[in-house]
Number of protein chains: 2
Amino acid sequence: MSILFSRECEYALQAVSYLALKPAGELTSIKDLTKKLRIPYHFLAKILQRLVGKGLLISQKGPSGGFGLAAPAESITLFHVVDAVDGSDFLHRCVMGFPECSGKHPCAVHGTWGDLREKVYQMLVNQNVAQTAQEMRKPEYRD
Amino acid sequence: MSILFSRECEYALQAVSYLALKPAGELTSIKDLTKKLRIPYHFLAKILQRLVGKGLLISQKGPSGGFGLAAPAESITLFHVVDAVDGSDFLHRCVMGFPECSGKHPCAVHGTWGDLREKVYQMLVNQNVAQTAQEMRKPEYRD
DNA sequence: TTAAATTAAGACAAGAAAGTCTGAATAGCA
DNA sequence: TGCTATTCAGACTTTCTTGTCTTAATTTAA
């Protein structure tokens with residue numbers, strides 16, 4: 001299966017949301033993150049490094065080092081994260097996989113899916129990680 | 001990446017749509033199907049066999065054998081095909097991958113995604129393969 | 001009854017995604 | 001300085017998906 005985003009992308013969304021919960025400037029170690037989220041340590045490390053490379057996160061080595069948002073949480077949308085990890089091809093591909101499907105040669109659900117896809121896009125663009133962070137305040141995520 | 005359905009599922013949707021174009025009862029060989037759709041022969045064979053197993057298609061061996069729909073095209077929806085191949089987990093999973101996300105502990109986009117997902121479901125249920133078959137009448141798919 | 005055309009079945013291979021491990025680099029601190 | 005905690009980088013492994021191949025079974029028709 002495969003629900004819109006790769007596992008890596010889902011992890012990225014969760015991790016960035018968690019970081020958005022911390023005061024700006026505070027760094028969080030991978031160890032801390034894996035304790036809250038249930039994401040394999042080394043896999044998460046790789047994902048965070050990639051997000052640093054994309055400019056979404058900053059990092060610092062050494063004791064009291066870790067990762068933090070590179071910009072205010074309000075300014076980072078879910079789409080920024082998705083685009084950095086999975087890219088945005090899903091906004092263009094035919095849902096039935098027809099290579100010929102396009103505005104000129106639409107498949108049977110081209111229009112319907114196009115509308116829905118646009119709404120998914122709006123959802124991702126309108127939601128910033130300060131908002132999704134609220135999720136992490138729930139009891140399931142507390143120490 | 002991963003746009004909602006697996007490659008196998010996309011191929012299944014295309015193949016069933018193509019079969020829906022033929023008069024009821026007429027059988028189509030794998031060779032014929034691969035000529036129109038650009039799907040690897042043996043992979044398509046495997047997919048068709050699975051659809052026979054699921055009761056969506058019928059098959060017959062030997063010369064002039066092949067595959068055909070097991071029911072009237074109007075009665076087979078896209079959802080029947082998707083469910084047979086990929087299952088319907090995508091109707092339940094959290095789009096951000098939070099294991100805890102549910103009606104009781106919704107994530108930030110739980111509601112928004114729930115609405116969109118329901119619309120995707122409606123799209124699949126309301127579209128039968130007689131309708132999607134029309135797509136295949138277009139010049140790109142003619143001999 | 002034999003030959004040809006087809007599906008059936010399942011082992012195998014290649015590729016991609018997910019996850020693991022190790023060693024190096026860096027930073028803080030005693 | 002040297003110790004420790006951390007990220008960085010990349011090779012490696014495992015698992016899943018996608019695709020290929022081979023052989024058997026079935027059907028039709030000459």
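Note: hydrogens, waters and symmetry copies are ignored here, and every other heavy atom, side chains too, is used. Chain letters run A, B, ... following the sequence lines, proteins first, then strands; residues in each count from 1.
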Asks: Let me have a per-nucleotide readout for nucleotides 22-30 of chain D, 5' to 3', with B, S or -, counting only protein heavy atoms under 4.0 Å.
Replies: B--BBBB--

Asks: In whole Å, what is the span from the CD atom of A:Glu8 to the P atom of C:dT20?
Replies: 14 Å

Asks: Taking atom C1' of D:dT17 as reference, at what distance in whole Å does atom CD1 of B:Ile3 sit?
Replies: 17 Å

Asks: Give every residue pair that meets the side-chain hydrogen bond (donor to acceptor under 3.5 Å, both in side chains) criterion with at least one member in residues 45-73 of chain B, sequence neighbours excluded.
Replies: B:Glu8-B:Arg50

Asks: Please report, rounded to the nearest Å, how far the C1' atom of C:dA8 is from the NZ atom of B:Lys31.
Replies: 17 Å

Asks: Going by salt bridge (Lys or Arg N to Asp or Glu O under 4.0 Å), name the residues that satisfy it together with B:Arg7, two or more places apart in sequence or in a different chain.
Replies: none

Asks: Any sub-3.5 Å donor-acceptor pair from A:Asp86's side-chain atoms to A:Val82's backbone N or O?
Replies: no

Asks: Quick one: label B:Tyr41 by what it contacts on the DNA or RNA (base, sugar-phosphate, nothing), any heavy atom closer than 4.0 Å.
Replies: base

Asks: Examine distances only and state if a side-chain atom of B:Gln131 and a backbone atom of A:Ala108 form a donor-acceptor pair shorter than 3.5 Å.
Replies: no

Asks: Any side-chain N or O of A:Ser59 less than 4.0 Å from the OP1 or OP2 oxygen of D:dT6?
Replies: no

Asks: To the nearest 0.5 angstrom, please state how far the CE atom of B:Met96 sits from the CG atom of A:Leu124.
Replies: 9.5 Å

Asks: Going by number, which of residues 45-55 of chain B have a non-hydrogen atom under 4.0 Å from DNA chain D?
Replies: B:Lys46

Asks: CZ of A:Phe43 versus C1' of C:dA17: gap in Å, rounded?
Replies: 7 Å

Asks: Among the clusters formed by ILVMFWY side chains lying less than 4.5 Å apart, do B:Tyr11 and B:Leu37 turn up in the same one?
Replies: yes

Asks: Should A:Tyr11 be listed as having a side-chain N or O under 4.0 Å from OP1 or OP2 of C:dA17?
Replies: no

Asks: Which side-chain N or O atoms in residues 70-78 of chain B pair as donor and acceptor under 3.5 Å with protein atoms at least two apart or in another chain?
Replies:
residue	atom	partner	partner atom	Å
B:Ser75	OG	B:Pro72	O	2.7
B:Thr77	OG1	B:Phe79	N	3.3
B:Thr77	OG1	B:His80	N	3.2
B:Thr77	OG1	B:His80	ND1	3.2

Asks: With sequence neighbours left out, write down each residue that passes salt bridge (Lys or Arg N to Asp or Glu O under 4.0 Å) with A:Arg38, or none if nothing qualifies.
Replies: none

Asks: What is the distance, to the nearest angstrom, from the CZ atom on B:Arg7 to the P atom on C:dA14?
Replies: 18 Å

